[in-house]
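Before any comments, here is the structure.
Side chains are part of it too, since the values below use all heavy atoms of this structure and drop only hydrogens, waters and symmetry mates. All chains are named by letter (A, B, ...) in the order of the sequence lines, taking the proteins before the strands, and each is independently numbered beginning at 1.
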Amino acid sequence: MKYNFKKIEPKWQKAWNDNDAFKAVDFSDKPKWYGLVEFPYPSGAGMHVGHIKAYSSIEVLSRKRRMQGYNVLFPIGFDSFGLPAENYAIKTNTHPHDITEKNIEHFSDQLRKVGFSFDWNRVIATSHKDYYKWTQWIFEKLYEHDLVFRSKTLVNYCPHCKVVLSNEDSQGGKCDICHSDVVQLSKDVWFLRITDYADKLLGGLDNVDYPDSIKQQEVTWIGKSTGAFVNFKLDGCDDSLEIYTTRCDTLYGVTFMVVAPEHPILDKYKDQIKNWDAVVDYRTECAKKTEFERTQIAKDKTGVKLDGLYAINPITGKQIPLFIADYVMMGYGTGAIMAVPAHDQRDYDFAKKFGMDIIQVIKGGDIETEAYTGDGEMINSGFLNGFTNKKDSIERMLEEIEKMGIGHKGVQYKMKDWAFNRQRYWGEPIPLIHCPECGTVTVPEEQLPLELPDVDNFEPGTDGQSPLAKIDSFVNCTCPKCGGAAKRETDTMPQWAGSSWYFLRFIDPHNTEAFADKEKLKYWMPVDHYNGGMEHVTRHLLYSRFWHQFLYDIGEVNTPEPYAKRTYQGMILGADGEKMSKSKGNVIDPVDIVEEYGADTLRTYVMFMGDYSSAAPWSDESLKGCARFLERVAALTDIATADKEDSKLEVKVHKTIKKVTDDIESMKFNTAIAALMTLINDFTKAGAITKEDLISFIKLLSPFAPHLTEEMWEELGQNTDGKTFITLAAWPEYDEAKTVDAVKEIGVQVNGKVRGSVEIATDATKEEALAAAREAVAKQLEGKTIVKEIYVPGKILNFVVK
RNA sequence: GCGGAUGUGGCGGAAUGGCAGACGCAGCAGACUCAAAAUCUGCCGGUGGUGACAUCGUGCGGGUUCAAGUCCCGCCAUCCGCACCA
């Protein structure tokens with residue numbers, strides 16, 4: 001058969017579509033399998049080869065599962081709210097809605113051209129009102145359960161995008177969207193109380209199949225630490241200063257305290273602070289720095305001593321000085337620390353610079369040169385003296401602190417609550433109403449969705465308000481509670497809101513009564529396998545687990561965790577080994593490849609190019625190698641003429657079935673394809689093969705190259721009615737007994753070095769094997785005494801000689 | 001600094017402790033062709049040797065083992081994530 005991808009790819013895409021070949025059936029008796037990929041943001045640039053790689057793993061697994069008799073749900077949709085569309089709208093004076101719909105069309109077309117086996121009956125888009133109705137509904141549930149709160153605090157702000165960002169959206173001090181420096185501003189912001197779920201988010205990781213790298217990254221991001229809160233009385237004042245520490249047992253070594261420049265205690269006691277001007281100057285200086293700068297200047301400690309304000313070390317009763325310094329952050333712990341210079345390098349550096357006392361309380365190290373952070377016997381510490389175990393001394397001190405009533409045990413997280421409102425247009429309107437009489441009220445459920453109104457000007461206001469604030473007809477409303485005049489919240493939800501629950505909507509995308517039917521949820525959840533990018537681990541993955549855990553807690557879903565298994569793909573780099581980018585001119589457009597080489601070649605290549613979770617550079621030459629492979633596959637119909645199966649070939653076919661079956665399961669797609677290439681080499685050498693062998697071969701290949709194999713399947717007379725697809729045919733079985741060679745060539749070693757090889761029957765006795773081996777290396781054994789003979793059947797023969 | 005990963009030919013990469021380099025790419029040689037492309041066949045880690053063969057070889061240094069890319073100890077390098085986190 002000649003390989004004409006231009007003809008066969010549209011032919012089979014149409015046939016699959018016309019026959020609903022990939023339709024997922026609710027409540028089917030077959031075992032269910034829910035495979036998920038991260039739905040794309042429909043950008044103007046169209047699909048990236050990265051999308052193809054990210055989707056191909058679940059695509060291959062889905063196709064294999066269908067052949068193995070599963071009822072497969074493999075859906076696709078669009079994460080269609082977001083800033084790029086809005087920015088583009090501003091630039092080109094168009095409407096984000098129109099741009100988005102056009103891009104969705106374009107993306108759908110591209111995805112179909114690659115032949116992905118999505119169930120297109122279930123397509124969703126987060127910007128459609130029948131979808132965001134339920135995003136708003138879930139938000140209201142969160143609100144009802146006190147997981148939404150408003151607070152005026154220091155938040156991350158992107159001056160370029162003019163929006164407040166969550167901590168997750170400003171990792172590394174850079175805006176997630178435009179990569180410009182984020183600044184810290186005090187703003188009145190809506191938060192989701194994700195920290196209430198910190199322990200559940202941690203604990204849930206024990207019950208899911210995620211790679212360690214992903215689990216570890218989430219654990220680090222959540223950043224749980226256990227320690228103690230301790231109150232230090234301010235000398236001559238009624239107030240105490242509360243600190244957080246993980247080493248309360250070093251209390252005897254505290255020689256000063258440091259508070260963050262933004263700490264409220266400063267303003268309260270500004271009359272007592274004699275050098276208030278210096279304090280204000282220092283604060284101004286700090287406020288100028290971005291979060292990034294502040295954490296980068298880690299070497300040189302700066303600070304100002306508070307003149308006239310002192311604290312009392314509660315355990316020693318000694319008066320100790322107070323400082324402000326920007327190495328203490330307002331956002332972690334209490335924004336104040338007890339400094340133990342002898343055993344904390346930061347405190348040590350600070351103490352050296354400002355001439356503070358350094359009292360050693362743990363034996364070890366050399367306090368003259370640096371802080372000692374290791375373990376050791378407690379000294380200079382009253383009742384703790386002699387303790388050698390850190391755990392015991394902390395325990396004992398905690399007891400004392402609680403007895404004295406100056407503190408208690410506590411837990412801290414690095415993760416912060418989720419800053420949730422965005423001062424932008426193209427997102428879900430937050431369904432809240434501000435009533436002067438009743439306070440904040442949610443939009444009644446029957447009024448959802450709260451529709452995003454049309455706007456002429458998408459430019460965000462300079463006053464830090466969303467474009468919606470300019471629409472009087474939207475802003476002014478009546479309070480659902482008292483009927484009085486009220487105003488709507490005009491900010492919208494962040495990019496991540498819609499994607500925090502989309503996998504649930506796929507289960508029942510057209511439901512108008514609920515976000516999804518409970519019975520259907522019970523049938524399909526959890527997602528069996530979810531593949532996506534490493535960059536979403538501390539964003540989308542964390543957020544969606546949080547929402548799902550919440551929905552579980554209120555009885556809306558039946559599984560505590562949304563995803564049973566999560567994997568990730570490695571990036572496809574440009575041919576130059578650099579990350580693909582327009583400015584470098586190394587971007588590969590998947591549609592160009594489909595047009596020039598066909599979708600099957602593209603699909604096979606992205607799965608063959610290397611280890612799935614590692615980055616690998618694009619190579620046009622290697623791509624051509626895959627095109628050659630498929631051409632050779634097509635030509636196999638010409639040699640499928642043998643009547644009887646060659647027994648050697650039979651073993652090879654069974655071995656390949658086993659290997660491909662197992663390798664796809666463990667996501668070793670590259671070696672699965674390599675095994676098929678090896679088999680085709682064997683087929684070619686044999687000159688003629690049976691039709692049965694060819695059928696097994698094309699079945700194994702069909703998840704990777706579905707169009708070509710579908711055409712061959714038809715050519716081989718297996719699809720006479722036009723709808724008996726290979727895509728739905730039974731996956732080949734192998735016979736374990738037939739995966740073993742009757743005779744195998746085995747290496748023969750002398751003192752661990754290979755000196756020959758010998759063909760040995762699989763059922764040969766040890767004596768027979770050794771006898772044959774002795775002959776094979778007779779030259780090396782001559783004049784030597786054999787000390788030991790090792791025979792590992794099927795593996796190796798080794799003689800230890802003297 | 002902490003956490004995770006990786007290090008193997010010219011390149012992408014294979015190897016449940018058992019003949020390192022499967023498979024593919026590139027390269028070389030040959031066939032076909034007036035020629036080129038395509039295709040097919042063969043070779044293809046380094047060094048020495050016409051050759052069978054010898055010898056070295058999986059980031060570096062040690063160790064365990066009949067046998068180490070793989071296990072253990074100590075380094076080095078690169079990538080990713082977190083980071084003055086108290």
Pair partner, B:rC2 [Watson-Crick or wobble, under 3.5 Å]: B:rG81

Any A:R755 side-chain nitrogen or oxygen under 4.0 Å from OP1 or OP2 of B:rA54: yes

A:D620-A:Y605 side chain donor-acceptor pair, cut-off 3.5 Å: no

Donor-acceptor side-chain pairing of A:S225 and A:Y413 below 3.5 angstrom: no

Interatomic distance where CD1 belongs to A:I572 and P belongs to B:rC11 [whole Å]: 21 Å

Spacing of the P atoms in B:rC19 and B:rC34 (rounded, Å): 49 Å

Residue mapping more 5' on RNA chain B - nearest nucleotide basis, A:G223 or A:K753: A:K753

Distance, P atom - from B:rC53 to B:rG21, rounded to whole angstrom: 15 Å

Sugar-phosphate, base or nothing in reach of A:E631, heavy atoms under 4.0 Å: nothing

Close side-chain approach of A:Q171 and A:T538, heavy atoms under 4.5 Å: yes

Pair assignment for B:rG69, Watson-Crick or G-U wobble, requiring both distances under 3.5 Å: none

Atom-pair distance (NZ on A:K802; C1' on B:rC66), nearest Å: 14 Å

B:rC11 versus B:rC82 - spacing of their C1' atoms, nearest Å: 34 Å

Side-chain donor-acceptor pair present, A:S696, A:Y734, cut-off under 3.5 Å: no

Modelled atom types, side-chain donor and acceptor of A:E38 and A:H540, under 3.5 Å: no

Nucleotide forming a Watson-Crick or wobble pair with B:rG17, both distances under 3.5 Å: none

Whether A:F350 and A:F323 hold their rings parallel, tilted or perpendicular, with breakpoints at 30° and 60°: perpendicular

Nucleic acid footprint by protein, nucleotides 13-29 of chain B - heavy-atom cut-off 4.0 Å, B for base, S for sugar-phosphate alone: SSSB-BB--BBSSS---

Nucleotide B:rA86, atom C1' - distance to CG of A:L251 in whole Å: 13 Å

Donor on one side chain, acceptor on other, A:D611 and A:N670, under 3.5 Å: no

side-chain hydrogen bond (donor to acceptor under 3.5 Å, both in side chains) partners of residues 673-686 of chain A, not counting sequence neighbours, each pair once: A:R632-A:N681, A:R632-A:T684

Conformer about C1'-N of B:rG61 - syn within 90° of 0, anti elsewhere: anti

Aromatic ring pairing A:F683/A:F697, orientation class (parallel under 30°, perpendicular over 60°, tilted between): tilted

Rounded distance (Å) that lies between atom C1' of B:rC85 and atom CD of A:Q345: 16 Å

B:rC84 versus B:rU78 - spacing of their P atoms, nearest Å: 23 Å

Phosphate OP1/OP2 of B:rC82 contacted by A:Q171 side-chain N/O (<4.0 Å): yes

Enumerate all atom pairs, one protein N or O and one N or O from nucleotides 2-8 of chain B, separated by less than 3.5 Å.
none

OP1 or OP2 of B:rA86 under 4.0 Å from side-chain N/O of A:Y332: yes

Atom-to-atom span, CD of A:E168 to C1' of B:rG81 - whole angstrom: 14 Å

Integer-rounded Å distance: B:rA86 C1' and A:K409 NZ: 18 Å

Aromatic ring pairing A:Y244/A:Y332, orientation class (parallel under 30°, perpendicular over 60°, tilted between): perpendicular

